[in-house]
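Single-structure report; data block below.
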Amino acid sequence: MAAAPTTIADIVRTHGVGLADRTALVEGSRTRTGGELLERSIRVANALRAAGVGPQDRVAFLDKNSIEHFEVFYGCAMINAVSCDINWRLAPPEVEFIVNDAQAKVFVVHKEFAAVLEAIRPNLQHTSLVIVIGGDGGDVEYEAWVASGGTEDPKMTSAPDDVAFQLYSSGTTGRPKGVMLTNDNFFCLLPGAIDFWKLSDDMVNLVAMPLFHIGGSGWATAGQYVGSKSIILRELDFNELIGLFAKYGITHAFLVPAVLQFMLIMPGVAEADFSSIRLIVYGASPISLDVLTKSVETFKCDFMQVYGLTETTGATTLLPVEDHDPKGPNTHRLRSCGVPAPGVEIRIVDRETGKDMPTGEVGEIWIRSPQVMKGYWNNPKATEESITADGWFKSGDAGYVDADGYVYIHDRVKDMIVSGGENVYPAEVESALMAHPGIADVAVIGVPDEKWGET
């Protein structure tokens with residue numbers, strides 16, 4: 001690898017030259033080499049400048065997983081602008097709120113979401129240009145717009161503390177908040193990720209999780225940091241997903257436990273060829289021992305669990321490969337999300353007193369790391385409430401640390417049910433119920449109760 005990239009734009013500039021002829025992106029029948037991705041990102045950058053987008057301006061993006069995400073992501077980075085991927089599952093009023101809150105001058109949207117666009121168009125306050133991918137209506141069509149951009153690299157730089165990406169985190173209450181992630185947030189994590197995820201430029205990386213989540217976009221960026229080939233899955237079709245491993249020789253994947261669970265019940269899974277896969281990283285929810293055992297037997301590769309949030313640029317704990325032996329002596333650790341990642345500090349704090357909880361006692365998980373976001377966009381109050389003066393981020397998750405330093409997650413602090421003066425964590429009840437073979441899925445919520453307060 002050439003000199004390691006230190007900004008998002010460096011990734012495409014480095015590999016667009018060093019790996020110009022190698023396939024960088026695959027989405028169905030479409031591909032981009034490193035050189036093509038670089039040229040198209042430059043064109044997007046210049047087209048954005050022509051539309052009046054300047055340093056640290058926001059560009060909104062609404063589409064499922066696609067090659068275009070990366071062209072806009074890197075195009076923004078090349079002029080020190082900020083791309084904001086929007087959850088395409090949101091209702092029109094929520095999309096409208098995010099585009100306006102981000103003050104996006106340009107809105108790139110796939111024609112699949114034309115109905116959302118038409119519903120919110122009259123209410124967009126800052127957007128002067130709408131680009132439609134695959135569009136044939138009155139808006140500017142994406143391919144024509146890309147072609148309109150010049151091929152000269154604008155050569156604009158961005159500082160370590162400049163925002164590189166803005167994702168919206170809904171949390172458990174209120175309006176979504178724009179999480180500002182800087183170049184530094186990404187690049188304090190990525191060099192270490194080479195070691196713990198064994199990333200290399202010969203890896204073939206599955207990009208199947210939504211890119212509007214840090215689990216999807218952060219994982220994709222990690223692979224592209226080392227110059228890997230990325231296999232982009234636009235729609236989560238489990239039969240198709242099973243076939244992709246052999247078709248492309250996929251070596252690395254990030255998947256949530258529910259996806260593993262669905263893959264395991266597909267009719268063709270037993271006959272499928274998974275011989276290329278080296279590592280499956282999973283996170284975002286706990287995994288049951290049953291699903292993990294069957295996954296290890298089926299995929300015959302290394303597994304690693306991660307825990308993190310959008311606000312921490314993803315993974316802050318790692319449950320190592322060696323703790324994933326379902327028949328080993330430490331199966332209790334499979335209920336944990338591992339130990340703090342390199343450069344990450346974790347405390348368990350009593351929310352009422354602000355004091356650290358003893359080993360094994362539940363409190364709120366606080367995280368301090370260079371990965372912690374710059375703050376919430378245009379929301380100093382929420383930023384102040386979530387990050388202490390000395391840099392601790394209050395996760396809103398309840399958990400504890402055991403004597404060996406392993407972190408266990410109980411629940412969202414706000415989801416805790418107080419019943420008869422006792423704290424009840426829905427995740428614990430759900431975990432117990434999920435152990436029953438007759439139960440496929442479960443959700444536990446608190447409801448008002450005259451006798452117990454909540455039940």
Side-chain angles (χ1 to χ4, degrees), residues 193 196-198 205-206 208-209 213 215-216 219 233 236 238-239 241-242 244-245 250-308 314-341 397 399-402 404-411 425-444:
F196 54 72
W197 287 330
K198 296 181 172 57
N205 196 25
L206 178 66
M209 297 294 94
H213 282 317
W219 175 254
L233 195 58
L236 209 50
F238 295 106
N239 275 322
L241 178 55
I242 286 166
L244 288 181
F245 288 84
I250 288 166
T251 62
H252 289 65
F254 171 78
L255 298 166
V256 297
V259 170
L260 292 169
Q261 193 173 349
F262 275 111
M263 287 171 72
L264 292 171
I265 60 175
M266 288 291 126
V269 73
E271 295 75 45
D273 175 5
F274 298 113
S275 57
S276 63
I277 189 78
R278 299 176 207 162
L279 174 69
I280 293 177
V281 179
Y282 66 94
S285 64
I287 196 164
S288 71
L289 190 58
D290 180 51
V291 169
L292 181 71
T293 304
K294 286 176 180 163
S295 295
V296 170
E297 288 167 0
T298 302
F299 301 111
K300 298 182 175 65
C301 69
D302 287 344
F303 279 79
M304 182 179 281
Q305 186 184 161
V306 295
Y307 158 71
T316 57
T317 70
L318 309 166
L319 183 65
V321 170
E322 54 271 22
D323 284 323
H324 279 79
D325 179 359
K327 299 180 176 69
N330 292 317
T331 51
H332 64 283
R333 285 184 182 162
L334 291 168
R335 286 180 35 246
S336 84
C337 56
V339 294
D397 289 327
Y400 67 92
V401 175
D402 71 9
D404 298 323
Y406 284 74
V407 181
Y408 292 74
I409 308 250
H410 265 250
D411 233 310
Y425 293 94
E428 282 205 317
V429 185
E430 289 166 357
S431 179
L433 292 171
M434 274 300 280
H436 192 288
I439 293 174
D441 208 351
V442 60
V444 172

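Since the structure is predicted, the reported quantities are computational estimates derived from the model, not experimental observations. For the numbers below, each heavy atom of this structure counts, side chains included, while hydrogens, waters and symmetry mates do not. Residues: numbered from 1 along the sequence shown.
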Between [X] (side chain) and [Y] (backbone), is there a donor-acceptor pair under 3.5 Å?
{"X": "His252", "Y": "Lys198", "answer": "yes"}
{"X": "Thr316", "Y": "Tyr307", "answer": "yes"}
{"X": "Lys294", "Y": "Val291", "answer": "no"}
{"X": "Thr331", "Y": "Pro326", "answer": "no"}
{"X": "Asp404", "Y": "Tyr406", "answer": "no"}

Self-check item: Aromatic plane relationship, Phe274 with Phe299 - under 30° parallel, 30 to 60° tilted, over 60° perpendicular
Solution: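 Perpendicular, since the angle between the ring planes exceeds 60°.
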Which heavy atom of [X] sits nearest a heavy atom of [Y], and at what distance?
{"X": "Ser295", "Y": "Phe303", "result": "CB-CZ, 3.6 Å"}
{"X": "Gly283", "Y": "Pro257", "result": "O-CD, 3.3 Å"}
{"X": "Ser336", "Y": "Val407", "result": "CB-O, 3.2 Å"}
{"X": "Phe245", "Y": "Asp273", "result": "CB-O, 4.0 Å"}
{"X": "Pro340", "Y": "Gly405", "result": "CD-O, 3.8 Å"}
{"X": "Asn205", "Y": "Ala253", "result": "OD1-N, 4.4 Å"}

Between [atom1] on residue [X] and [atom2] on residue [Y], distance to nearest 0.5 Å:
{"X": "Ser275", "Y": "Ile250", "atom1": "OG", "atom2": "CD1", "result": "11.5 Å"}
{"X": "Leu289", "Y": "Met434", "atom1": "CG", "atom2": "CE", "result": "12.0 Å"}
{"X": "Thr317", "Y": "Ile409", "atom1": "OG1", "atom2": "CD1", "result": "6.5 Å"}
{"X": "Ile277", "Y": "Leu244", "atom1": "CD1", "atom2": "CG", "result": "11.0 Å"}
{"X": "Leu319", "Y": "Leu334", "atom1": "CG", "atom2": "CG", "result": "6.0 Å"}
{"X": "Met266", "Y": "Gln261", "atom1": "CE", "atom2": "CD", "result": "11.0 Å"}

Quiz item: What residue among Arg333, His332, Gln305 forms side-chain contact (heavy atoms from CB on, under 4.5 Å) with Asp323?
Solution: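 Going through Arg333, His332, Gln305 one by one, the side-chain contact (heavy atoms from CB on, under 4.5 Å) with Asp323 is satisfied by Arg333 alone.
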Practice problem: Please find out if less than 6.0 Å separates the ring center of His213 from that of Phe254. | Solution: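 For His213 and Phe254, the ring centres are not under 6.0 Å apart.
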Self-check item: Trace of the side chain to side chain contact (heavy atoms under 4.5 Å, CB included) decision for Leu255 with Leu206
Solution: CA-CA 9 Å; Leu255 298 166; Leu206 178 66; 4.2 Å; yes
Quiz prompt | Sequence-distant partners of Asp325, salt bridge (charged side-chain N to carboxylate O under 4.0 Å, His left out), two or more places apart | solution =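 Asp325 satisfies salt bridge (charged side-chain N to carboxylate O under 4.0 Å, His left out) with no other residue.
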Any non-hydrogen side-chain atom of [X] less than 4.5 Å from a side-chain atom of [Y]?
{"X": "Trp197", "Y": "Val306", "result": "yes"}
{"X": "Val269", "Y": "Phe238", "result": "no"}
{"X": "Val259", "Y": "Met209", "result": "yes"}
{"X": "Asp302", "Y": "Arg278", "result": "no"}

Exercise. Might you confirm whether atom CZ of Phe196 has over 12 heavy atoms from other residues, nucleotides or ligands at distances under 6.0 Å?
Key: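 Count over threshold, so yes.
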